[in-house]
Amino acid sequence: MVEYPPMQTTFDFVVIGGGSAGYAAARTAREFTDSVAIIDGAKELGGLCILRGCMPSKTLLYSAEVLHRSSQAGLLGLHIPRAEADMKALHARKTKIIREFAEYRVGQLRDRRFSFFNSNAHFIDTHTVRLTDGTEVTGRKFFISTGSHATVPEIPGLAGSPFWTSDDVLDMDSIPPSVIVLGGGVVACEMAQFLTRIGSKVCQIQRSPQILRDFSPEAAGCLSEAFTEEGIELLTETSRLSVSHGADSFTVEFEQHGKKLKRSARHLLNALGRTANTQSLNLSAAEATLRDNGQIEVNLMQQSLNPDIYAGGDCTGPYEIVHIAILHGELAARHAFNQPVEPINYDQLLSVVFTDPQVAVAGLTAPELLARRTDFIEASHPFNDHGKSILMEARRGYVRVLAARRDGRLLGAEIVGRDAGELIHVFSTALTLKATVHDLLRAPWYHPTLSEIITYPLEEIAARLTSPQ
């Protein structure tokens, strides 16, 4: 059946990009007007999170985690003779789950509440975009949420080689014999461990002194120990990388501590970051500007230099996190319709890395507090000294809590360990409510649970406060 575009071409609010940020903006704008359009030219609709990000990666990571637990069953007094990944079945399960999520999102985009254009767009003036088929759409306000794509850095030999990105790893239905992973960020670490656990030989090469360079050295060290224990060859603090590709393998040459090294593998995963999808928008015609990294420059209300054009999500940063993208969309739409809003409070930022051990951070870190000259108390407790984590053989990791010295108000927390991504929400809630360590300690904590470990650094801080409440 031929699908004809909507006849209307002038709208109060036009969204370009139908992912998490774009749909949130359109849905919120619909509270204030019935004149909302969504433009998305992707052949496969649904957005990065659903199709090639959060949902498929965590589906595969969970399967790999169960496989790894099975291989470690002897520690629990269990005998599981054989456990292996059935990649075709794993791929089929992932595909089915993602299809269901995507179909739901497509239904939302094509809902009668919106006028939907399955097309690409570029600006021809400050309030008009031209679609692929030549249709011109005018908007009183715009919200851009075009996402990002894998970066190809200027490493000799990389651009011309058939390297993988995370998209390829998430879509494979067989186990690659060996993979070199370039990068040490969240995606690189999650994919490196996944590949190792399904049976690939993995070498991970990182230019910075530590993996997860945006996290604490303790968190990176804890994860590095786990990676090495699982068989990943982890090479950090490298330089002068070059890539060559032969008939059936890749070779990466580099230097580490002044020594020339090289590693070869059947496949190469480029996980060296992402770049905003902004180049085809012709933003100069819209009088919006880009930062040096290609992201759209916006203010605290997500407005570009043109106050009628808003943007959010990966194409603006500063964090490529889904719940932040959703906040961007909601904030922009409300501000566009003159509703009372406040800027996003990044002091309550929540981040999770779905490795094993997981790494989770809420609020401010110690370096950030020191930079602000905030007087704080810090306390931590290791997982290997806690009843539930010991009996679970989840001994690697710790809980760290940061609180104001004046009154014990929680400022930040870091958890490295089993289910850290779940446990961190205790602190996310407490930070939002401006709770103190005393507030949290007044709550009951069931024994024996993993959550109970949180009480130990809380109790230490409470005891050290100069003026207990």
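The shortest distance between side-chain heavy atoms of Asp171 and Lys94 falls below 4.5 Å. Residues Ile155 and Leu272 meet the side-chain proximity criterion, which asks for heavy atoms closer than 4.5 Å. Using a 4.5 Å heavy-atom cutoff, the side chains of Arg266 and Ser249 are not in contact. Here the side chains of Leu241 and Glu253 are not in contact, with every heavy-atom distance at 4.5 Å or above. Side chains of Arg418 and Leu450 form a contact here, defined as non-hydrogen atoms less than 4.5 Å apart. The closest side-chain heavy-atom distance from His438 to Leu458 is not below 4.5 Å. Using a 4.5 Å cut-off on side-chain heavy atoms (C-beta onward), Ile377 and Arg405 make contact. Counting heavy atoms from C-beta on, the side chains of Cys189 and Gln204 come closer than 4.5 Å.
Minimum heavy-atom separation, Ala121 to Ile39: CB-CG2, 4.0 Å. When all heavy atoms of Val252 and Leu268 are compared, the pair lying nearest together is CG2-CD1, 3.9 Å. In terms of heavy atoms, Ser161 sits closest to Val243 at OG-CG1, 4.2 Å. Across every non-hydrogen atom of Val152 and Ala159, the tightest pair is CG1-CA, 4.0 Å. Across all non-hydrogen atoms, the minimal contact from Asn270 to Thr151 is ND2-O, 2.7 Å. Closest approach of Pro153 and Leu158 over heavy atoms only: CD-CD2, 3.8 Å.
Between the side chain of Ser389 and the backbone N or O of Phe383 there is at least one donor-acceptor pair closer than 3.5 Å. For Asp111 (side chain) and Gln108 (main-chain N/O), no donor-acceptor pair under 3.5 Å exists by modelled atom type. Judged by distance alone, the side chain of Thr146 and the main-chain N or O of Asn277 form a donor-acceptor pair under 3.5 Å. Side chain of His386 to backbone of Pro382: no donor-acceptor contact under 3.5 angstrom is found. Under a 3.5 Å cut-off, the side chain of Trp445 and the backbone N or O of Leu440 do form a donor-acceptor pair. In this structure a side-chain-to-backbone donor-acceptor pair under 3.5 Å is missing from Asp40 to Ile16. Between the side chain of Thr278 and the backbone N or O of Gly294 there is at least one donor-acceptor pair closer than 3.5 Å. A side-chain donor-acceptor contact under 3.5 Å links Ser145 to the backbone of Gly17. Using a distance-only test at 3.5 Å, with no hydrogens or angles considered, no donor-acceptor pair links the side chain of Ser200 to the main chain of Val202. Checking side-chain atoms of Gln302 against main-chain N and O of Ala311 turns up a donor-acceptor pair under 3.5 Å.
The closest side-chain donor-acceptor pair between Ser208 and Gln210, if any, does not fall under 3.5 angstrom. A donor and an acceptor atom, one from each side chain of Ser148 and Asp314, are located under 3.5 Å apart. Between the side chains of Ser57 and Glu190, not a single donor N or O lies within less than 3.5 Å of an accepting N or O. In this structure, a donor-acceptor pair under 3.5 Å is absent between the side chains of Arg400 and Ser380. With 3.5 Å as the limit, one finds no donor-acceptor pair spanning the side chains of Glu31 and Thr28.
Among His68, Arg197, Gln193, the single residue meeting the side-chain hydrogen bond (donor to acceptor under 3.5 Å, both in side chains) criterion with Asp356 is Arg197. With Pro56 as reference, Ile98 is the one residue of Asp167, Ile98, Ile97, Ile50 to meet the side chain to side chain contact (heavy atoms under 4.5 Å, CB included) rule.
Around the OH atom of Tyr456, the shell of radius 6.0 Å holds more than 12 heavy atoms that belong to other residues, nucleotides or ligands. In this structure, Leu300 places its CG atom where only 12 or fewer heavy-atom neighbours from other residues, nucleotides or ligands lie under 6.0 Å away.
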message = Test salt bridge (Lys or Arg N to Asp or Glu O under 4.0 Å) on Glu103 and Arg105; report intermediate values, then the result.
response = CA-CA 5 Å; Glu103 287 175 351; Arg105 173 54 55 83; over 6 Å; no
task = For the pair Glu65 and Arg69, evaluate salt bridge (Lys or Arg N to Asp or Glu O under 4.0 Å) and give the outcome as yes or no after the intermediate values.
result = CA-CA 6 Å; Glu65 180 183 349; Arg69 299 279 172 259; 3.4 Å; yes
request  = Step by step, work out the side-chain contact (heavy atoms from CB on, under 4.5 Å) result for Phe114 and Arg30.
outcome  = CA-CA 8 Å; Phe114 313 115; Arg30 194 61 180 77; 4.2 Å; yes
Worked check of side-chain contact (heavy atoms from CB on, under 4.5 Å) between Leu90 and Met87 = CA-CA 5 Å; Leu90 199 156; Met87 284 304 296; 4.2 Å; yes
inquiry  = As a quick check of understanding, evaluate salt bridge (Lys or Arg N to Asp or Glu O under 4.0 Å) for Glu237 and Arg207, giving each step before the final call.
reply    = CA-CA 5 Å; Glu237 207 163 1; Arg207 290 174 291 189; over 6 Å; no
query = Which is it for Leu269 and Met191 under the side-chain contact (heavy atoms from CB on, under 4.5 Å) test, yes or no, and what are the steps along the way?
reply = CA-CA 9 Å; Leu269 170 58; Met191 293 296 98; 3.7 Å; yes
task = Using the salt bridge (Lys or Arg N to Asp or Glu O under 4.0 Å) rule, take Glu233 and Arg263 through it: C-alpha gap first, then chi angles, then the decisive distance, then the call.
result = CA-CA 10 Å; Glu233 183 183 16; Arg263 294 293 185 271; 2.8 Å; yes
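Salt-bridge formation is detected for the pair Lys96/Glu100: a Lys NZ or Arg NE/NH1/NH2 atom is positioned less than 4.0 Å from an Asp or Glu carboxylate oxygen. Classification of Arg52 and Asp168 as a salt-bridged pair fails, no side-chain N sitting under 4.0 Å from a carboxylate O.
Aromatic ring pairs are classed by plane angle as parallel below 30°, tilted from 30° to 60° and perpendicular above 60°; the pair His267 and Trp164 is parallel. Ring pair His328/Tyr346 is perpendicular by interplanar angle, where above 60° counts as perpendicular and below 30° as parallel.
Here the two rings, on Tyr310 and His335, have centers that are under 6.0 Å apart.
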